[in-house]
Every structure is written in structure tokens, then in C-alpha cells.
Trainee: 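The structure that follows is given in the form of C-alpha cells.
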Amino acid sequence: MKLYIETLGCAMNVRDSEHIIAELQKKENYTLTSEISDADLILINTCSVREKPESKLFSEIGQFAKNKKKGAKIGVCGCTASALGEQILKKSPHVDFVLGARNISKITEIIHKPKTAWVGIDYDDSTYVFANSAKSSFKALLNISIGCDKKCAYCIVPFTRGREISIPLELILKEARRLVDGGTKEILLLGQNVNNYGVRFSTPHEKIDFTGLLRRLSEIDGLERIRFTSPHPLHMNDAFLDEFASNPKICKSIHIPLQSGSNAILKAMKRGYTQEWYLNRIEYLRAKVGDVGISTDIIVGFPGESDADFEETMKVLELVKFETMYSFIYSPRPNTLSYSWGSRGAVEKEVAKERLSRLQSRHKEILREISQNELGKIHKVLIENNKSSVGETFSEGRSDTNRLIRIPAFIDMGSFVNVKIDSINGSSLFGKVV
Ligand code: 5AD
Ligand code: SF4
């Protein structure tokens, strides 16, 4: 049997797809195919954080239905499945089943059930999450918690992934050791709110927080790099930032979602921190770690955002100078608090677009500016890719600070090399092995 799977969205979705593939390979003998017409089962694992991917879903289902072989099944998984549930079956006769993001361990059951939707969010997937893990590679994803207990006004995730449950420490350590034994050197820890780890487990558990988890993981011999996404600015206490700074296995790059620089908007978003707290955390971090890559998420056009509010976001961008910025126009999502406000405070589409474009072009300039500081620096790089174009072979890899660096040589994937940055083109870094 052949499986075609399409994955959209965040790292969590990517990891969920790995889990689905492994379950189907192990229990149902599926192998992967990249041809839709070849597949017996077509899965779409998609995201619902913003409206766009969700609306794309139905046109994709139509395309798949047209090109699939006779008798092949189509299933919709992930956050959109959770958000729309039965509606997907009603709206599209081509879909055979719908499996929510909190239910993925039931994939091998649901494929045998016609016209079924399982989208409950009270289901505890936490102990099954490593039952059939993906094969090791030098880089691996590892879940440490599922769901989210926050109630950010714009966010659909608590409705699609349910309440937050931390995965027991022993399971995480066991899985990390298994990955490392199979050749993994870098692990990316995943959770909606990683630094809230340990608040609730599904069964009684020793007390441990995210800082403790990081310490325990870094004791694993052979594990060279630990990354994580995403932490919440609210839970960035000194102990966590001290561990981040002093533990050599923890990569010096961190995602700190700002969302807005305006205190009024942060309050309306129910983010739980202020601009001052956010800047204070950045200052504390930078005082401890000279060279740290900081990335962020920003939403523009949240209901009620005035020009002055937006200027506060621009101010934070100016002060922090993020290495990476993911920015979005606010998209109202059903079930969320801000959705219930209707058109109250709505920011005109054109205004939001203008703000986004101003934010992005200023960030582009900042990135060029800060990239200049990279010239002459030596980075330890984990090689991820080998590529050839117009007769030239080169390798690419990431620094500890998560910058992508290109080296004009063939270097084995999965190896570490020290690279000195010798040229910069815009924000792209180039260097040679030293
Ligand atoms: N509209 C726009 N962006 C959103 N995000 C989450 N929900 C929405 C929404 N309704 C963004 C946030 C979050 C990132 C993953 O997606 O910035 O951090
Ligand atoms: Fe959504 Fe907020 Fe939870 Fe992040 S912390 S997943 S933005 S509710």
C-alpha cells in the first residue's frame, strides 16, 4: 500500500506527519510515494492558525480527487481537521475521514472507518507520542508537550490541540537516547509553550520544569545540540535564561514571540506581559550571551491597533534587531476571543497591509545591517545540505545562532565544521572551512 502525505504548517505538524507515517509503515505496511496517482491513501496534514491554508484545503482536496487512482482514500488530519471536524465530510464528498491534531495516534484505526471524524481534544496522546517514532537522522524533532493552556485572544491552537499536557521525563529521555544511538546530533524540542513544561502530566510525576529538562537532556553523551520552539516570553525567568546561557549544548538561538510592541494591544491579546518585560528579558539574555540569534512572530492589524500602537511594534523591532521575523496580518479565527468581537475595532485591510510591508522592509534593512557584523566570525556549523548549481558544488549548514551559511565545498551531511564568514550578500552568509 502506498501513502502520499502533504504537510503544511509548523514544526509540530511536521512531527505529527512523521508520527503518522511511522504508524502506517509499522502497522499497515505502507510505503511512501510522491505520486498522487500511485497512492492508496492520500493524507493532508494542514494548519489552521490563519485562514489562508484552511481555504486552500478544499481546492487541494478537489485536485487530489481528480488525480487519485480508483478506490484510493483521502484523509484530512491536523489542526484544520480539529477546527472544522464533520464540516469537512459534509462539504467535500471526496473525504473519507477527518483526524484531529490531538488524535493522530489513532491513524491506523480510522483508515478502516468510512466517513468518520475523530477530533476530540480531551484525548491524551502524550504517552503514545513515541510509540512508533521516525527513523533517526542527524537532526530530529522531539515533542515534550502537547496542547496549550494559554488563551491568547487571536489563537485557535487551544481549540485544535486542546489543553497542555507534558510528556513524562523518562519517555523524553528514552526517545532522545534512541535518537542519539541512531546518529542524531541535534534535537529540536517541540511544544506550543515549551518553557511551561512540567505544569501538568497525564499521570503523577516527579516535579520538574523546563530548565530541569534541559539539564537532564544535555547529560546525554553524543547529543551535541539542543534547540527548542516555542518558548513564551512570560515564562522566561532568570533560571531558564541562565541555563540557556551557560549550557554549551543549548544552541544560542531563541524564538521569542513578541506579537505586538504595544502594551494596550498585548493586553487585548491577553499575552500576559508588557513591552517593558519583553525588553527586560532581551536585555538580560544579551548581557549573558554575547552572540545570540533572536527570532520572533509579529501580528499586525489586531483589532484596535492604532497607528501609535503599531509604532510601538516598530520601536521594539528597532531596539531588538531580530535576526528572523515571521510577520502576519491578523486573521480572525472561529472560536477565539477576538473573533467574538466581530467587526469591533477591525483594522482596514489596506492599513494592515501597509503596516506589514513597512515592518518587513525595515526588518530587511536591519538584517542587512546586522549581517555585516558576521564578517570574519568563526561559526561551528552542522552541515545539512549538499547542492549543485551551474557546475558549482556547495554545502549548507546552520550556525549555533541558527544562521544559514553556504560553503563552496562538498562536506558530508551531518558533520560539524568550523567556518569563517568571508562574504555577505544581502543577508546571506558565505564562508570557508578553517
Ligand atoms: N492571525 C494572524 N496570525 C496569527 N498567529 C496565530 N494566530 C493568528 C491569527 N489569528 C501567528 C502568531 C503565532 C504564529 C504561529 O502565528 O504570531 O505566534
Ligand atoms: Fe496560541 Fe498563545 Fe498558545 Fe501560542 S501561547 S499556541 S499564540 S494560545
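Remember, it's 1-based here, ligands and their atoms both numbered in the order they're listed. We number each residue from 1, following the sequence as shown. Note that the coordinates shown come from a computational prediction; the quantities given were computed from them, not determined experimentally.
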Trainee: Near Ile299, which atoms of ligand 1 are under 4.0 Å from a heavy atom of that residue?
Mentor: 3 (N), 4 (C), 5 (N), 12 (C), 17 (O)
Trainee: Validate the cation-pi geometry between Arg50 and Phe328: distance from NZ or CZ to the six-membered ring centre under 6.0 Å, angle to the ring axis within 45°.
Mentor: yes
Trainee: I need the atoms of ligand 1 closer than 4.0 Å to a non-hydrogen atom of Gln259, numbered in the order shown.
Mentor: 12 (C), 13 (C), 17 (O), 18 (O)
Trainee: When you measure from the centre of the six-membered ring of Phe394, is the NZ or CZ of Arg406 closer than 6.0 Å and no more than 45° off the axis?
Mentor: yes
Trainee: Check whether Phe416 forms a cation-pi arrangement with Lys185 (NZ or CZ under 6.0 Å from the six-membered ring centre, at most 45° off the ring normal).
Mentor: no
Trainee: Show which atoms of ligand 1 fall inside a sub-4.0 Å distance from at least one heavy-atom site of Tyr330.
Mentor: 1 (N), 2 (C)
Trainee: Does Val49 approach ligand 1 within less than 4.0 angstrom via side chain, backbone, both or neither, non-hydrogen atoms only?
Mentor: both
Trainee: Using modelled atom types only, decide if a donor and an acceptor are shared between the side chain of Asn13 and the backbone of Gly9 within a distance under 3.5 Å.
Mentor: no
Trainee: Could you pull out, from Arg50, His232, Met12, the option with a heavy atom nearest to atom 3 (N) of ligand 1?
Mentor: Arg50
Trainee: Does Arg271 count as lying over the ring of Tyr273, i.e. NZ or CZ under 6.0 Å from the six-ring centre, within 45 degrees of the axis?
Mentor: no
Trainee: Would you tell me which option among Asp297, Thr336, Ile329 has the nearest heavy-atom contact to atom 14 (C) of ligand 1?
Mentor: Asp297
Trainee: Kindly assign one of parallel, tilted or perpendicular to the pair Phe302 and Tyr330, based on the angle between their ring planes and the thresholds 30° and 60°.
Mentor: perpendicular
Trainee: Under 4.0 Å from any heavy atom of Phe328, which atoms of ligand 1 are there?
Mentor: 3 (N), 11 (C), 14 (C), 16 (O), 17 (O)
Trainee: Looking only at heavy atoms of Ile156, does any of them come nearer than 4.0 Å to an atom of ligand 1?
Mentor: no
Trainee: Does the pair Phe64 and Tyr4 meet the rule for a ring pair (Phe, Tyr, Trp, His ring centres under 6.0 Å), with working shown?
Mentor: CA-CA 10 Å; Phe64 289 158; Tyr4 177 92; 5.7 Å; yes
Trainee: Any atoms of ligand 1 less than 4.0 Å from a non-hydrogen atom of Arg333? List them with their elements.
Mentor: 10 (N)
